[in-house]
Structure formats: C-alpha cells, structure tokens
Amino acid sequence: FRSDGDRRLVAVTRMDSNACWGLQVVDLLTGAVHLAQRIAQGDTDVNLGGHKARLVRHIATRYNVPNLDRASAPRFRVKHL
C-alpha cells in the first residue's frame, strides 16, 4: 500500500492461504474481525455458539479488548480504511 496525496495504490495478490502459515494466520484473523463486525451490527444469521464465534471471543479475551470490530491494543489493532 502506498499513499500519494489523495491517490492510493493498492496491490492485490490472490494466493492460496495453505501455501504459507503466515497467510493462514492473517486469513484466520481477518475472518474473526469480519465475524465480529457482523455480530456488532446485529446480524441474526451469526451462530453465536459456533466455532468461529468462540474464536472471536478467545482472541478478544486473549488481547484484552471488548470487541474485535474496532480493537486497539498494543499487540492487536484493527484499523478501517
């Protein structure tokens, strides 16, 4: 990502997350943040007892943040662009 004044250049690469453990972690965390956003918006289709929702609660507890939707902690920060 490079910002040049008001213009932004974003490079997107499509990769299989199974190819690299780092991508798997990023995939897991972005999925958890997305689910947290759906929960915060009151999406009634979310299974709050499911394994993904349990993961969201675990990450939030682990990093001591009330919600992953707009989390801000020394080692875990979510920024919406």
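The first residue in the sequence is number 1, and the count goes up from there. On a predicted model such as this, the values are computed, not experimentally measured, just so you know.
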*Asks:* Please walk me through it: do L55 and L28 pass side-chain contact (heavy atoms from CB on, under 4.5 Å)?
*Replies:* CA-CA 9 Å; L55 176 64; L28 183 82; 3.5 Å; yes
*Asks:* Can you see which heavy atom on A53 is nearest to which on L48, and at what distance?
*Replies:* CB-O, 3.4 Å
*Asks:* Using a cut-off of 6.0 Å, state whether more than 12 heavy atoms not belonging to N67 lie near its atom CG.
*Replies:* yes
*Asks:* Is the closest side-chain heavy-atom distance between K52 and N47 below 4.5 Å?
*Replies:* no
*Asks:* Is there a donor-acceptor pair under 3.5 Å between the side chain of R62 and the backbone N or O of R57?
*Replies:* no
*Asks:* So if I apply the side chain to side chain contact (heavy atoms under 4.5 Å, CB included) rule between R38 and each of V46, V33, T44, which one comes out positive?
*Replies:* V46
*Asks:* Could you tell me the separation between the CZ atom of R54 and the CD1 atom of I59, rounded to the nearest 0.5 Å?
*Replies:* 13.0 Å
*Asks:* At what distance, to the nearest 0.5 angstrom, does CG of L68 lie from CD of Q37?
*Replies:* 9.5 Å
*Asks:* Taking all non-hydrogen atoms of both residues into account, name the closest pair between D27 and T30 and its distance.
*Replies:* O-OG1, 3.1 Å
*Asks:* Same cluster for V56 and V26 if Ile/Leu/Val/Met/Phe/Trp/Tyr side chains link at under 4.5 Å?
*Replies:* no
*Asks:* Report yes if the side chains of T61 and N64 come closer than 4.5 Å at any heavy-atom pair, otherwise no.
*Replies:* no
